[in-house]
Protein chains: 2
Amino acid sequence: MNEGARLYAVLQRIRPVHELSARAVGAALEGTDLTVPLRAVLERLHDDGPQTVPSIARRLYVTRQGVQTLVDRARELGLVQTRPNPEHRRSHLVALTPRGEETFTTLHAAETDRLVTVARGLDPADVAACVRVLDHLVTRLEELITTTERNDP
Amino acid sequence: MNEGARLYAVLQRIRPVHELSARAVGAALEGTDLTVPLRAVLERLHDDGPQTVPSIARRLYVTRQGVQTLVDRARELGLVQTRPNPEHRRSHLVALTPRGEETFTTLHAAETDRLVTVARGLDPADVAACVRVLDHLVTRLEELITTTERNDP
DNA sequence: GAAGACTTGACAACTCACTTGTCATTCTGA
DNA sequence: TCAGAATGACAAGTGAGTTGTCAAGTCTTC
């Protein structure tokens, strides 16, 4: 078994984990006005600060059009606000409102609480290693895709 | 930072990796009659052998209705065949045809080949640890979901 | 500083994976 | 044996995300 096959074992498990975690996150959002993708936008704003719609889209690996819809909805819900962007006249910065900040922080705290149970029995060193591998994968897969799509179309 | 927060770092990376790997797999499927979900069905049949539609669905964490559609399409393409199930009169077993077997094997070999490049610079021990963590996550998240949805609806 | 290439906002149509719902048939287990 | 669960088959719906387009703004390069 070579390194490719070993790494394949990781990718094989990504889909189930993604499916299940999305379901778990979605269940926690039940009853609120939030959805999983909307939550993802709030997370990006929380972690990386105010930024433009295309910037969020790039970090989430989706199109800016999709993010625009989410941001519009978040603004209707009073969770984000747009403010002038000194670097671009039309492309406003999107930022969390105090209410958006609080909503996400509360939600996130509840999530990590539940994760403590899930983490039981897991070696912290393994978790750290897993993060390293996933970061590596993001970087390399992104390279792989951008290089192949430069040749294809 | 507690174990919950540490594990959250893993989940935060699942979505990007899923997105990017799905895109990479999809790009490789371009020009063929296969799609990513159809490929997933073939993989299950290849790895776990002949089984019924609901069985595939459970392993993929999707509904049997969705898998039924995929199996129908795979049968039209001559990649799978149904055969009588000694344990159930209506619920046939789905199995790869020789052509389906060959299609998947070829595809999979090409994928692991490309993964060798991606794996470069990665510690094999880290990869193994990552697999352990992901397996743990699948088990625990599944428990988490089934217990919560037993109380909810 | 002007021309061309790229980015962004805005609106629209569309695709695809997956769900939910239903009913008849088959299986399982107390 | 009989109620409850699983399955096939068909149908409709949902939601996340894409593709396309055009005008307005920004960047690059000469």
Side-chain angles (χ1 to χ4, degrees), chain A residues 15-16 18-23 25-27 29-30 32-41 50-76 80 82-94 145-146 149-150 152-153, chain B residues 15-16 18-23 25-27 29-30 33-42 44 51-76 80 82-94 145-146 149-150 152-153:
Chain A
R15 192 168 258 278
H18 178 257
E19 189 66 38
L20 292 171
S21 64
R23 210 165 289 193
V25 170
L29 263 34
E30 198 108 347
T32 72
D33 293 323
L34 294 176
T35 62
V36 175
L38 187 48
R39 185 206 159 285
V41 168
Q51 53 195 299
T52 64
V53 166
S55 161
I56 302 171
R58 278 188 292 269
R59 288 170 189 268
L60 294 178
Y61 301 99
V62 294
T63 57
R64 65 199 166 81
Q65 286 89 334
V67 172
Q68 187 66 56
T69 310
L70 293 169
V71 166
D72 289 347
R73 198 151 83 236
R75 207 170 49 169
E76 284 171 15
V80 306
T82 55
R83 58 167 78 151
N85 182 0
E87 314 206 327
H88 198 298
R89 210 191 311 178
R90 283 180 82 206
S91 193
H92 300 298
L93 287 177
V94 184
I145 289 166
T146 50
E149 80 184 4
R150 244 198 292 280
D152 270 353
Chain B
R15 194 168 255 278
H18 178 257
E19 189 65 39
L20 292 171
S21 64
R23 209 166 290 192
V25 169
L29 261 35
E30 198 108 347
D33 293 325
L34 295 177
T35 61
V36 175
L38 188 48
R39 184 206 159 285
V41 168
L42 299 185
R44 294 292 17 101
Q51 54 196 299
T52 64
V53 166
S55 162
I56 301 171
R58 279 188 292 268
R59 288 171 190 269
L60 294 179
Y61 300 98
V62 294
T63 57
R64 65 200 166 81
Q65 287 87 334
V67 172
Q68 186 65 56
T69 310
L70 293 169
V71 166
D72 289 347
R73 198 151 83 237
R75 207 171 48 170
E76 285 170 14
V80 307
T82 55
R83 56 168 81 149
N85 181 0
E87 314 206 325
H88 199 297
R89 208 191 313 175
R90 283 180 81 206
S91 192
H92 299 299
L93 288 176
V94 184
I145 288 166
T146 50
E149 79 184 6
R150 245 198 291 280
D152 270 354

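Chain letters run A, B, ... following the sequence lines, proteins first, then strands; residues in each count from 1.
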Contact list (N/O, under 3.5 angstrom) for nucleotides 23-27 of chain D vs protein:
unit_1, atom_1, unit_2, atom_2, d
D:dA24, N3, A:Arg90, NH1, 3.0
D:dT26, OP1, A:Arg89, N, 2.5

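No side-chain heavy atom of A:Arg73 sits under 4.5 Å from any side-chain heavy atom of A:Val41. Side-chain contact between B:Thr82 and B:Leu93 is absent, with no heavy-atom pair separated by less than 4.5 Å. Side-chain contact between B:Val80 and B:Leu42 is present, with heavy atoms from C-beta onward closer than 4.5 Å.
Under the side-chain contact (heavy atoms from CB on, under 4.5 Å) criterion, A:Arg58 pairs with A:Pro54, A:Ser55, not counting sequence neighbours. Remark: A:Thr63 pairs with no residue by the side chain to side chain donor-acceptor pair (under 3.5 Å) rule, at least two apart or across chains. Here B:Arg64 pairs with nothing under the side chain to side chain donor-acceptor pair (under 3.5 Å) rule; sequence neighbours left out. Listed by chain and number, the residues in a side-chain contact (heavy atoms from CB on, under 4.5 Å) with A:Thr32 are A:Leu29, A:Leu34 (sequence neighbours excluded). Listed by chain and number, the residues in a side chain to side chain donor-acceptor pair (under 3.5 Å) with B:Arg44 are B:Asp48 (sequence neighbours excluded). Remark: A:Gln68 pairs with A:Asp72 by the side chain to side chain donor-acceptor pair (under 3.5 Å) rule, at least two apart or across chains. Under the rule for a side-chain contact (heavy atoms from CB on, under 4.5 Å), the partners of B:Asp33 that lie at least two apart in sequence or sit in another chain are B:Leu77. Applying the ring-ring contact (aromatic ring centres under 6.0 Å, His included) criterion to A:His92, with sequence neighbours excluded, gives no partner residue.
Taking 4.0 Å as the cutoff to heavy atoms of chain B, we find the contact window on DNA chain C bounded by C:dA17 to C:dC27.
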Contact pattern, 5' to 3', of nucleotides 10-22 of chain D - B, S or - by protein heavy atom under 4.0 Å | B-----SSBBBB-
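Between the two ends of the helix from C:dG1-D:dC30 to C:dA30-D:dT1, each summarised by a five-pair axis, the helix axis turns through 60° (rounded to 10 degrees).
Of the charged side-chain nitrogens involved, at least one lies within less than 4.0 Å of a carboxylate oxygen, so that A:Glu19 and A:Arg23 count as a salt-bridged pair.
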